[in-house]
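One structure is given below, encoded as structure tokens.
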Amino acid sequence: AWHDIIYWRNIFLAASFLFVIDLLRTIFIQLKNKHPDAIIMLVGMLPVSILGTRDILVFSLKWLEGSLTTYNYGFPIMVIIIGSHLINRSIQGLSLLEKVNVTLRQYETIYNNATNGIFRTSHDGSFITTNPALLRILGYESFEDFREAIPGFADFPFVEPQDRSRFLKLLSINRQLTAFEYECYRKDEAIVTLSLHIQTVRDTNTGKQYFEGIIEDITDRIERQRVQQEKTVAERSNHLKSMFLANISHEIRTPMQGIIGYSKLGFSRLNSLSTEKLDDYFRNIYNGAIRLLNLLNDILDLSKLESGKTEYDFNSDALMVLVNYAIDELSTLADEKNIAIDLHSNIDDDRLSMDSVKILQVLRNLISNALKYSEPDSRVEISVQNRNGSVEFSIRDQGVGIPAEELDSIFDKFVQSSKTVRSGKGTGLGLAICKEIITGHKGHIWADSDGERGSTFYFTLPRDVQ
């Protein structure tokens, strides 16, 4: 049907040109005979839009002047040239219009079938248009219902009020936001998690600014991430449980084997052993039993701390007194390895609100670790300083160091640094207990190391826990 219309349109145009051109030829010949310059002047006065271009018109008028020897050849050729030109331009225009319409229909299809919400607002943020996906995401059946409930993007029903303030502040600064995530209420009060992309656009006609944006429903993605995180935590818990059983088995079996072995030797050789040898056997049995008791005490302490059942006895005590007491207790270990302990402090008033027994337990653990893992004939540096209203304790050793990727995990229960785990000098519970105690004092504990030589452990305590 379209080709038939073009065909008959071309026939009509050609017939019309035959009549018009024949009339114009007669008029122009008479003008040329009386006023030779009339044709050139007339061409100069005509607009370019006539017959498409002025060059085509001038060429056509030459045929009218009789540049060809006879009318029978010149006139039909002229009509063909002009008619073909106009018909081609008409066809091109119609083809371009059809292409524009096709493109518009394609964009409209994309707009209506998009899975993400698309919107446009006025300069004040009021919604002008939204696509069906945005209405579906927020649970509205029509744009009118949506617009009545949410006039503009600032009226989104944010779950957290601070998200609205943060969104408006960032938009006023940047005029563009990418992947702004927030929780929002649907019409049915269900909560969805959305990711907003919005930018400011200037209208080229009015100069006013308006907003265009895309809203993506990421609720399912966030839920998948949550499930994956829970799975990861569960797997890690199972791994830690396996490590716990392995460590407990080792820590219990080793001293228990010593106790049984020395007891068996003592019974079998009771009448033949010297007093000195019996004393050595009994001492090894005693040390094994103490090691088992300390392990059980650590497990019980950590269990109580993690369950929140531990009661703290907060009193105002001097931290430096506790530090010096812990150093004196461990001086024998320092002397055995010829390790010097340097203590530095710039505190005039070191009295804090704390549970002295539990803080002393932390100090013993950190100082004994520094001594155990430092090389003989080295140095351990302890510092107590004021730091932003709190007191900071630090202890630096000259041991093997801790890899950077393990600085956080070493405070987990039954976790030891990969550089010290083979030494058999610990259970992996001490630092976990320290973390629970410092956290119970509303403090903070962390470690630092270059990974090669030496580590530094820090903790801070507020002056008043209350």
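Each residue takes its place number in the sequence, starting with 1.
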Set of side-chain hydrogen bond (donor to acceptor under 3.5 Å, both in side chains) partners for [X], sequence neighbours left out:
| X | result |
| --- | --- |
| Q209 | R175 |
| T129 | Y111 |
| N131 | none |

**Side chain R120, main chain E212, donor-acceptor under 3.5 Å** =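 Pair absent, no side-chain N/O of R120 close to backbone of E212.
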
**Prompt:** Is a donor on one side and an acceptor on the other found under 3.5 Å between the side chain of T460 and the backbone of S390?
**Reply:**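 No: the side chain of T460 does not pair with the backbone of S390.
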
**Prompt:** So, E223 and R226, do they make that salt bridge, N to O below 4.0 Å?
**Reply:**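 Here E223 pairs with R226 in a salt bridge, since their nearest N and O are under 4.0 Å apart.
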
**Asked** Going by an N to O cut-off under 4.0 Å, is there a salt bridge joining E436 and K358?
**Response**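 Result for this pair is no, no salt bridge flagged.
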
**Request:** For the residue pair F180 and Y182, categorise the inter-ring angle as parallel (less than 30°), tilted (30 to 60°) or perpendicular (more than 60°).
**Result:**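 It falls in the tilted class, 30° to 60°.
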
**Message:** Ring-plane angle category for Y458 and W446, please: parallel below 30°, perpendicular beyond 60°, tilted otherwise.
**Reply:**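 The rings of Y458 and W446 lie parallel, inter-plane angle below 30°.
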
**Request:** Give a yes or no on this: more than 12 heavy atoms of other residues, nucleotides or ligands lie within 6.0 Å of atom CG of N388.
**Result:**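 12 or below, so no.
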
**Atom CD of E141 with >12 non-hydrogen neighbours under 6.0 angstrom** =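 No.
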
**Request:** With sequence neighbours excluded, give me every ring pair (Phe, Tyr, Trp, His ring centres under 6.0 Å) pair touching residues 129-148.
**Result:**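 Only F127-F146, Y140-F146 qualify under ring pair (Phe, Tyr, Trp, His ring centres under 6.0 Å).
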
**Message:** I need the full list of side-chain hydrogen bond (donor to acceptor under 3.5 Å, both in side chains) pairs touching residues 149-162, with sequence neighbours left out, sorted by first then second residue.
**Reply:**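 Output for this query lists E160-Q162.
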
Residues 391-398, side-chain donor-acceptor partners within the protein, below 3.5 Å, at least two apart:
from: E392; atom 1: OE2; to: R387; atom 2: NH2; distance (Å): 3.2
from: R396; atom 1: NH1; to: T456; atom 2: OG1; distance (Å): 3.2
from: D397; atom 1: OD1; to: G399; atom 2: N; distance (Å): 3.0
from: D397; atom 1: OD1; to: S455; atom 2: N; distance (Å): 3.0
from: Q398; atom 1: OE1; to: R379; atom 2: N; distance (Å): 3.4

